[in-house]
2 protein chains.
Amino acid sequence: MTRGRTNPDFLNGVPELVVLRLLSQRPMYGYELVKAIEQSSGQGLEFGEGSIYPVLHRLEAEGALSSRRMEVAGRSRVVYRVTVPGKRKLSEALEAWRRVVGAVERIMESDEHGSPALA
Amino acid sequence: MTRGRTNPDFLNGVPELVVLRLLSQRPMYGYELVKAIEQSSGQGLEFGEGSIYPVLHRLEAEGALSSRRMEVAGRSRVVYRVTVPGKRKLSEALEAWRRVVGAVERIMESDEHGSPALA
DNA sequence: AGCTTATACCTGGAACCACGAGGCATGGCA
DNA sequence: TGCCATGCCTCGTGGTTCCAGGTATAAGCT
């Protein structure tokens with residue numbers, strides 16, 4: 001994110017998109033989120049903790065998430081929830097994602113026509 | 001590409017996927033390819049030359065592309081075409097792409113159910 | 001003739017991200 | 001007691017994208 005000059009930040013930023021989406025459904029803590037991503041993607045996505053925690057911190061620093069520390073059975077958990085600006089960010093990210101998928105799909109299905117060449 | 005430990009190389013690697021696909025339809029030279037991507041994606045994707053040329057060189061070094069230099073109207077063009085291993089690489093990349101899109105889509109549409117939490 | 005734009009190639013370096021590896025601490029179970 | 005799961009975290013590396021810039025020819029405009 002952050003940058004995205006000519007193209008929106010499609011390629012990377014999938015972890016971010018996924019985190020925002022899952023947290024918008026239900027507040028979760030990091031470790032739970034890592035497992036939730038695996039489950040709800042049908043094992044299609046497996047981001048390690050080393051990928052997710054930095055995203056969580058980054059999003060919180062941006063104000064897209066807020067956190068609350070909880071003590072549960074001697075375990076310390078940091079529960080994250082999506083803020084109002086975070087929800088806006090989610091919808092923007094989702095829109096950008098769909099645009100990219102659409103564009104790639106268009107190319108993948110293009111039938112050799114549609115791009116007459118310039119030569 | 002190249003790596004892809006737990007997750008296949010989805011997020012990035014879009015330029016690579018697109019290049020392989022377009023060249024599999026018709027051999028092109030770099031500059032032409034840059035324009036073709038814009039056109040055939042419906043302006044959804046706009047990779048600059050600084051993004052595309054390195055991809056071209058990398059893919060050729062890997063053996064996925066072969067090139068031929070041509071002189072046209074005083075202009076020197078390097079025309080690329082997809083090799084046999086390149087075609088295989090394309091189908092693998094496309095498959096990986098579809099898996100990722102499917103996984104993300106599943107999460108985006110997940111209805112809060114499906115991931116009962118582990119806490 | 002001179003200037004700008006389009007064509008056509010290319011690289012260097014910065015910025016950024018994903019992720020493996022590793023570290024620390026507690027609880028539960030065999 | 002030992003080991004695994006839970007739960008948090010960061011550092012370093014590798015890889016990719018991409019902006020900026022550089023070179024050179026052709027074509028169009030005034």
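Throughout, protein chains are lettered first and strands after them, A, B, ... in sequence-line order, and every chain is numbered starting at 1.
Residue Lys35(B) contributes atom NZ, which lies 6 Å from atom P of dT7(C) at whole-angstrom precision. Straight-line distance from the CD atom of Glu32(B) to the P atom of dA6(C): 18 Å, rounded to whole Å. Across the protein-nucleic acid pair, Glu71(B) atom CD and dC9(C) atom P stand 11 Å apart, rounded to whole Å. With rounding to whole Å, Tyr31(B) atom OH is found 5 Å from dT7(C) atom C1'. When rounded to the nearest whole Å, the span between CG of Leu33(B) and P of dA8(C) equals 13 Å. Atom CG of Leu17(B) is separated from atom P of dT16(D) by 14 Å (rounded to the nearest Å). The CD1 atom of Ile52(A) sits 12 Å away from the P atom of dG20(C) (whole-angstrom rounding). One can place CD of Glu60(B) at 14 Å from C1' of dC10(C), the figure rounded to the nearest angstrom.
Taking the side chain of Arg58(A) as heavy atoms from C-beta on, and the options dC17(C), dA5(D), dT17(D), the nearest nucleotide is dC17(C). Between dA5(D), dC18(D), dT17(D), one nucleotide has an atom nearer to the side chain of Phe47(B) than all others, and that is dC18(D).
Among Lys87(B), Lys89(B), Arg21(B), the one residue that satisfies the side chain to side chain contact (heavy atoms under 4.5 Å, CB included) test with Val82(B) is Lys87(B).
Taking only side-chain nitrogens and oxygens, Tyr29(A) comes nearer than 4.0 Å to OP1 or OP2 of dG7(D). Taking only side-chain nitrogens and oxygens, Arg77(B) never comes nearer than 4.0 Å to OP1 or OP2 of dA26(D).
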Enumerate the protein-to-nucleotides 9-13 of chain D contacts in which both atoms are nitrogen or oxygen and the separation is below 3.5 Å.
from: dC9(D); atom 1: OP2; to: His57(A); atom 2: NE2; distance (Å): 3.3
from: dT10(D); atom 1: OP2; to: His57(A); atom 2: ND1; distance (Å): 3.3

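Across Val34(B) and Phe47(B), no two heavy atoms sit closer than the pair CG1-O, 3.4 Å.
Remark: Glu95(B) pairs with Arg99(B) by the salt bridge (charged side-chain N to carboxylate O under 4.0 Å, His left out) rule, at least two apart or across chains. Every residue two or more places apart in sequence or in another chain that forms a side-chain hydrogen bond (donor to acceptor under 3.5 Å, both in side chains) with Glu60(B) is listed here: Ser67(B). Checked against side-chain hydrogen bond (donor to acceptor under 3.5 Å, both in side chains), Glu105(B) has the following partners two or more places apart in sequence or in another chain: Arg98(A). When the side-chain hydrogen bond (donor to acceptor under 3.5 Å, both in side chains) test is applied to Thr83(B), no partner is found at least two apart in sequence or on another chain. Applying the side-chain hydrogen bond (donor to acceptor under 3.5 Å, both in side chains) criterion to Ser51(B), with sequence neighbours excluded, gives no partner residue.
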